[in-house]
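Remarks on the structure that follows.
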Number of protein chains: 2
Amino acid sequence: MSQAPEQAIVGGVLEAIAEHRLKAGVKLGEQDLCEIYHCNRAHVRRALATLEAQKVVKLEPNRGAFIATPTPEEARNVFQARRAIELVIARNVVRQASAEDVARLREHVEQEHLARQSSDRRDAIRLSGRFHLILGEMCGNEVLDEFLNELVMRSSLIISMYSASQAPLCGDEEHALIVDAIAQGDEATLMERIEHHLRHLERSIAIEPTNASPDLKDILQAPGR
Amino acid sequence: MSQAPEQAIVGGVLEAIAEHRLKAGVKLGEQDLCEIYHCNRAHVRRALATLEAQKVVKLEPNRGAFIATPTPEEARNVFQARRAIELVIARNVVRQASAEDVARLREHVEQEHLARQSSDRRDAIRLSGRFHLILGEMCGNEVLDEFLNELVMRSSLIISMYSASQAPLCGDEEHALIVDAIAQGDEATLMERIEHHLRHLERSIAIEPTNASPDLKDILQAPGR
DNA sequence: CTACACAAGATTGTTAACAATCACAACTGT
DNA sequence: ACAGTTGTGATTGTTAACAATCTTGTGTAG
């Protein structure tokens, strides 16, 4: 089977969520997706099944597919799971990080800094979440990496749903401090910083759902695609 | 949309894996599944997409769907992830378990004991894995519970793939000792026992793939379905 | 103005048919 | 006997069409 259309749809939806272009509760109409991705409905329906298995989308019988809307309890569960996973990932990273790994992380933090200064908010959001995903890639355990990917995506939905104003970014210096601890091989400090960072992120989210129903075509066909 | 056929297929496959009736590498033909579950191919293809998203099945273009075959590295990653997840779950359980929870766990351990004595191996296997899933249900965090479900399922595949002889069950008394620690609210002991138990299970698996290609109809239409 | 009923269009659910690809058996040549 | 080629049937990939359900707009009554 050719999975190209399915992969394009799944990847496009996940990316739009990561960049906060696609919000919780938005309806993903089958025909809309067919037109956006130029494919047959069978591909769309399969991609939606995949997205549902990944907790990205909720399929409602006879009504269609909607981006998931996490409850407050689910939000708390996601952040607890994140702390569990990211602490293990961090431990793996600090134990095996090479000089190249550290340089890559520093480079990424620098890019975050530049994106903030250039007021490119979408880029800053993407890079902010991406920092955590790079740690997952480096930890040497693909299972943990996959879980982290799912948790970061679900965090994105939670953030876009429960942030009254603009989505909060990770603290300005917190990523840099995390990289410092990795570079120094200081496991205890690293764990503290990761825990502090994630609790800080969780506290920065107020429980206020925002409402939005933007144009699907604009979102999924973002500039640069 | 009516998800009944899709759910039946996904549930049936997962259950067959948990009971070691369905082994790593087995081909799941679309037409076979249509006949077994009396549904149209569209349902089968969607269920297979779901199973792939859950890492249960690997879809190969133009060749079909095969039960996943974890590599040795993946096996190690799964067990490391399991230790990370199950330790957090255990901590949650010991902090919030009620008297009813403890009674439920003791009842379950007793059932495991009876299944072992009655030589009902399939039941013993199912109950053995189920003990861990009950802890997940009790931990009050559905995200962790979902991850645990996936990890236990993948462990089942690893066990059925890498065990040269009969699938090892969890140690005879280890579950009972875990329940004791929960009953006594002894968090430190519980964590030790969980860690020891999981490392014991991991060590009991030899890296010897077994080969089998049994009849799909017999497996998915097990007695009692 | 509000509430209810009905109809029409939109959307999702389902199926069957055809196209494309692969696996395997049979045949041929060395 | 073994290796290579070809053909056939099986299986997967894809599409379109029809059925079923839902949503929305319009009309009517109070």
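On a predicted model such as this, the values are computed, not experimentally measured, just so you know. Every heavy atom of this structure was used, including side-chain atoms; hydrogens, water molecules and symmetry mates were not. Proteins come first, then strands; the chains are lettered A, B, ... in the order of their sequence lines, and each starts at number 1.
- The nearest whole Å value for the distance from the CZ atom in A/F66 to the C1' atom in D/dT23 is 11 Å.
- The backbone N or O of B/V44 sits nowhere less than 3.5 Å from a side-chain atom of B/E6 that would complete a donor-acceptor pair.
- Checking D/dA16, C/dT12, D/dT11 against the side-chain heavy atoms of A/K27 singles out C/dT12 as nearest.
- Distance from the side chain of A/A42 is smallest to D/dT15 among C/dT14, D/dC22, D/dT15.
- With distances taken from any side-chain atom of A/N62 to the nucleotides C/dT15, D/dT21, D/dT12, the minimum falls on D/dT21.
- Of the candidates D/dT14, D/dC22, C/dT12, the closest approach to any side-chain atom of A/H43 belongs to D/dT14.
- The pair B/E195-B/R199 meets the salt-bridge criterion, since a charged nitrogen lies less than 4.0 angstrom from a carboxylate oxygen.
- Ion pairing between a basic and an acidic side chain is recognised when a charged N comes within 4.0 Å of a carboxylate O; A/E137 and A/R130 show such pairing.
- Distance, A/R46 CZ to D/dT15 C1': 14 Å, rounded to whole Å.
- With rounding to whole Å, B/L59 atom CG is found 18 Å from C/dT21 atom P.
- Note: CZ (B/R63) to P (C/dC24) measures 9 Å, nearest angstrom.
- Remark: side-chain polar atoms of A/N149 are paired, donor with acceptor, to backbone N or O of A/D145 under 3.5 angstrom.
- Regarding B/N40, its CG atom lies at a distance of 13 Å from the C1' atom of D/dC18, rounded to whole Å.
- Here B/E30 pairs with B/R45 in a salt bridge; the nearest charged N to carboxylate O distance falls below 4.0 Å.
- Counting to the nearest Å, the P atom of D/dT11 and the CD atom of B/E35 are 9 Å from each other.
- Whole-Å rounding puts the B/E30 CD to C/dA16 P distance at 15 Å.
- The B/R41 side chain lies nearest to C/dA17 when the options are D/dA17, C/dA17, C/dT15.
- Listed nucleotides C/dA23, D/dT14, C/dT14 differ in distance to A/R45; the shortest reach to its side chain belongs to C/dT14.
- In this structure, CD of A/E6 is placed 7 Å from P of D/dT14, rounded to the nearest angstrom.
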